[in-house]
Amino acid sequence: MDIVCDARWGRTGETYGEDPFLASEMVRTAVKGLQDNPDPAKRVAASVKHLAAGGVSAGGVNHASAEISERFLRSYILPPFKAAVEAGCMTIMPGHNDIGGIPCHASRWLLTDVVKGEFGFGGFFISDMMDMDNLTSLHFTAENQSQALEKSINAGMDMHMYSPGSLQFAVPVRQLVREGKIPVSRIDDAVRRILKVKFSLGLFENRYTDPAADRYATPDSRRTALEAARECVVLLKNEGNLLPLDTTKYRRILVTGPNADNQAILGDWSFTQPDSCVVTVLEGMRRTAGGTEIAFCNSGKIKPEPVLERTNTTDPALQRKILEKGGGISDFSIREAVRMAATCDLTVVVIGGYGIRSDWGLRTYGESADRPSVDFYGRQTELVRALVEAGRPVVAVIVNGKPLNNEWITAHVPAIVDAWEPGMYGGQAVAEILFGKVNPSGKMPVTVPRHAGQIPMYYYQAASRYWTGYGLGSSREDDRPAFCFGHGLSYTSFEYSDLKADSVCPATGSIRFSFRLKNTGRMTGKEVPMVFVRDCVSSVVTPVNLLKEFTKVELRPGEERVIGFRIPAERLGLWNEDMKYVTEPGEFVLSVGRSVEDIRLKTTVRVLQTE
């Protein structure tokens with residue numbers, strides 16, 4: 001549930017993106033899906049993480065400090081955690097980081113006053129791995145283990161993860177209680193919270209699961225995985241309508257790139273799986289191509305594995321052997337890809353990042369794998385550039401868990417697909433989208449900067465961010481990202497019209513509005529209308545736009561539908577000068593569109609002062 005404001009942060013793929021409303025809506029559903037099984041034996045406790053602001057860390061570095069105001073924290077970082085508490089989440093895990101100099105694992109204000117007190121959290125806090133202990137070795141706010149436990153437990157921590165031995169936790173805590181440094185009431189509160197969750201999960205009636213009853217990759221699970229991947233793949237660019245691929249024109253297609261035939265599609269927090277449970281992009285292309293021939297060229301890995309061959313020989317047989325054993329992109333592999341591209345009608349090059357945990361040293365993103373760049377790692381850009389300059393049409397597929405952009409690739413590759421971490425059937429979904437069997441409908445949950453110099457570049461910044469911008473000594477174009485929040489193309493077109501909205505709304509009421517959405521193209525497609533709101537005049541600085549509602553609608557060619565929304569005026573509130581959440585009277589601009597930069601309809605609504 002971390003909100004991402006820095007594209008360099010390696011853990012972006014674990015989140016719902018940069019927007020607090022989107023994350024809040026997603027986490028409500030996730031918590032209910034995990035916890036609401038009517039059978040206690042099949043119920044699990046969701047662990048909501050990381051409280052809070054890990055995605056706003058200095059330099060985009062995991063564990064680093066978050067130097068943000070309380071207003072920013074409450075406005076954009078904490079809403080998903082509040083939503084999780086309202087959905088009944090049973091556990092919450094604080095973050096590795098500190099906020100304004102106070103480690104999250106030792107912040108009584110955050111843990112007890114806000115989350116347990118204001119939000120009404122009734123579950124328990126579980127530490128991130130050894131982070132109570134890290135008060136001594138990471139933050140240096142405690143002299144020893146005993147003092148670290150005293151600070152964190154009194155701040156509100158309930159469970160320690162994990163203790164290699166009793167001297168790490170149980171013995172010092174017992175002594176702290178004896179000395180009166182940790183009140184018995186605090187221990188009772190922690191135990192009560194933990195037992196309550198265990199009771200609700202039925203662990204005292206049946207504490208063990210039956211391994212024989214375990215099910216992995218069932219037909220239902222596979223169908224769900226494929227459907228999820230189909231919904232989430234994002235079409236970033238489609239110059240000249242190169243996609244979907246015309247199989248009468250492209251009879252032989254080359255598939256290459258470091259992520260073309262591996263399990264990178266599973267993403268971070270995954271280990272290598274049985275081949276029968278994963279469809280790579282190459283496999284998906286061959287399954288979906290019909291009469292089109294799919295050729296493959298091993299271009300090498302993003303990061304090479306150690307190989308025994310140390311010779312500099314140019315012998316092709318040896319060079320291929322090095323690639324097969326895990327070698328990286330090389331002069332030889334680039335030449336081979338270009339040579340094979342000349343024998344094909346089109347090239348699909350699969351690039352991005354690698355985050356599989358079982359290959360820890362090969363990872364380019366994920367936990368503790370942050371990078372000071374948003375560019376592609378290693379020699380990937382060289383590979384793509386050589387293929388484009390070879391003269392055949394090129395489609396780039398990006399598989400990754402964090403925003404990536406290379407300005408040359410974005411400018412010169414005619415079609416770009418961002419698959420993110422699409423899971424076990426990701427290769428199948430990508431292929432179906434490339435061949436037009438599925439119309440892409442995914443939208444970008446984060447802003448993709450052109451380069452690291454633009455960071456931070458989340459969309460809901462203040463107008464002052466753009467007043468002078470990069471206009472002097474640079475270019476106004478540098479104010480714009482490579483791809484904005486909500487961006488995502490389709491193979492069909494959509495028309496927005498006939499916006500009707502309440503002109504006034506009491507501060508305690510709701511804004512009701514509707515508009516018509518029509519599929520004006522020739523292919524059935526799904527659209528995600530987004531509603532953004534801007535507070536015209538406010539007592540504190542507010543963003544130029546902020547998402548307040550969205551939905552996903554499927555329409556056949558020529559079909560139109562009236563889409564209606566009801567936004568509570570409370571959702572338009574802010575944290576004022578006195579740090580009170582209020583909905584101020586005044587005018588609000590309501591914008592409806594396909595993305596934050598593709599607004600189709602606008603109106604103004606006046607919120608009235610409540611007597």
Side-chain angles (χ1 to χ4, degrees), residues 2-23 53-62 64-69 71-73 75-77 80 234 236-237 352-353 365 370-377 398 400-411 416 418 420 442-488 530 532 534 541-547 591 593-599:
D2 292 277
I3 296 298
V4 181
C5 295
D6 194 318
R8 295 169 295 185
W9 192 49
R11 306 193 74 168
T12 299
E14 298 181 50
T15 78
Y16 293 114
E18 68 186 38
D19 182 79
F21 180 74
L22 170 64
V56 200
S57 58
V61 175
N62 200 38
S65 300
E67 294 294 340
I68 56 176
S69 67
R71 179 169 292 107
F72 190 92
L73 182 71
S75 299
Y76 311 116
I77 306 299
V234 184
L236 295 179
K237 183 181 178 183
Y365 73 93
D370 317 296
R371 291 180 57 219
S373 170
V374 297
D375 209 335
F376 294 94
Y377 187 94
I398 303 171
N400 198 44
K402 67 183 290 292
L404 287 177
N405 186 67
N406 173 273
E407 294 185 81
W408 192 93
I409 289 177
T410 299
I416 305 174
D418 199 333
W420 290 98
K443 300 285 187 173
M444 295 299 287
V446 294
T447 304
V448 180
R450 295 186 180 199
H451 48 76
Q454 293 180 321
I455 294 171
M457 198 163 221
Y458 49 93
Y459 83 91
Y460 47 90
Q461 300 196 36
S464 56
R465 161 66 175 79
Y466 307 100
W467 183 255
T468 53
Y470 296 112
L472 297 177
S474 184
S475 167
R476 274 294 185 180
E477 280 300 302
D478 283 326
D479 288 332
R480 297 177 59 82
F483 301 102
C484 71
F485 175 84
H487 177 73
M530 293 165 241
F532 299 91
R534 178 178 182 178
V541 175
T542 52
V544 293
N545 267 312
L546 200 56
L547 184 72
S591 304
R594 305 196 70 240
S595 73
V596 72
E597 289 188 354
D598 188 358
I599 299 300

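From a predicted model like this one, the values you see are computed outputs, not experimental measurements.
- Minimum heavy-atom separation, Val234 to Gly488: CG1-CA, 3.8 Å.
- Note that OH of Tyr16 is 9.5 Å distant from CG of Leu22, once rounded to the nearest 0.5 Å.
- Taken from CG in Asp418 to CG in Asn400, the straight-line distance is 7.5 Å, to the nearest 0.5 Å.
- Within the 3.5 Å criterion, the main-chain N or O of Leu236 finds a donor-acceptor partner in the side chain of His487.
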If you apply the rule side-chain contact (heavy atoms from CB on, under 4.5 Å), what do you find for Phe72 with Glu67, and how did you get there? CA-CA 10 Å; Phe72 190 92; Glu67 294 294 340; over 6 Å; no
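- Residues Pro80 and Ile3 meet the side-chain proximity criterion, which asks for heavy atoms closer than 4.5 Å.
- The CD atom of Glu597 lies 10.5 Å from the CG atom of Asn545; values are rounded to the nearest 0.5 Å.
- Taking 4.5 Å as the limit, some side-chain heavy atom of Tyr76 sits within range of a side-chain heavy atom of Pro543.
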Apply side-chain contact (heavy atoms from CB on, under 4.5 Å) to the pair Arg371 and Leu404, showing each step before the final yes or no. CA-CA 11 Å; Arg371 291 180 57 219; Leu404 287 177; 4.1 Å; yes
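- The nearest pair of heavy atoms linking Leu546 to Asp19 is CD1-OD1, 4.3 Å.
- Between Ile398 and Phe376 there is a side-chain heavy-atom pair separated by less than 4.5 Å.
- Considering only heavy atoms from C-beta on, Met444 comes within 4.5 Å of Trp420 through its side chain.
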Trp9 vs Val4, test: side-chain contact (heavy atoms from CB on, under 4.5 Å). Steps then yes/no. CA-CA 8 Å; Trp9 192 49; Val4 181; 4.0 Å; yes
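- Between the Asp479 side chain and the Tyr466 main chain, no donor and acceptor come within less than 3.5 Å of each other.
- Atoms CD1 and CE, on Ile599 and Met530 in that order, are 8.5 Å from each other to the nearest 0.5 Å.
- Rounding to the nearest 0.5 Å places CG of Asp2 at 7.0 Å from OG1 of Thr15.
- The minimum heavy-atom distance linking Val541 with Ala462 is given by the pair CG1-CB, 3.5 Å.
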Decide side-chain contact (heavy atoms from CB on, under 4.5 Å) for Val446 and Glu18; before the verdict, give the C-alpha distance in whole Å, the side-chain angles of both, and the deciding distance to 0.1 Å. CA-CA 5 Å; Val446 294; Glu18 68 186 38; 3.9 Å; yes
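- Side-chain atoms of Arg450 never come within 3.5 Å of backbone atoms of Glu407 as a donor-acceptor pair (strictly under, hydrogens ignored).
- Here the side chains of Val374 and Val448 are not in contact, with every heavy-atom distance at 4.5 Å or above.
- Ring-plane geometry between Tyr459 and Phe485 is classed as parallel, the angle between the planes falling under 30 degrees on a 0 to 90 degree scale with a further cut at 60.
- One finds the OG1 atom of Thr447 at 9.0 Å from the OH atom of Tyr460 (value rounded to the nearest 0.5 Å).
- In this structure, Lys402 contributes its side chain and Gly10 its backbone to no donor-acceptor pair below 3.5 Å.
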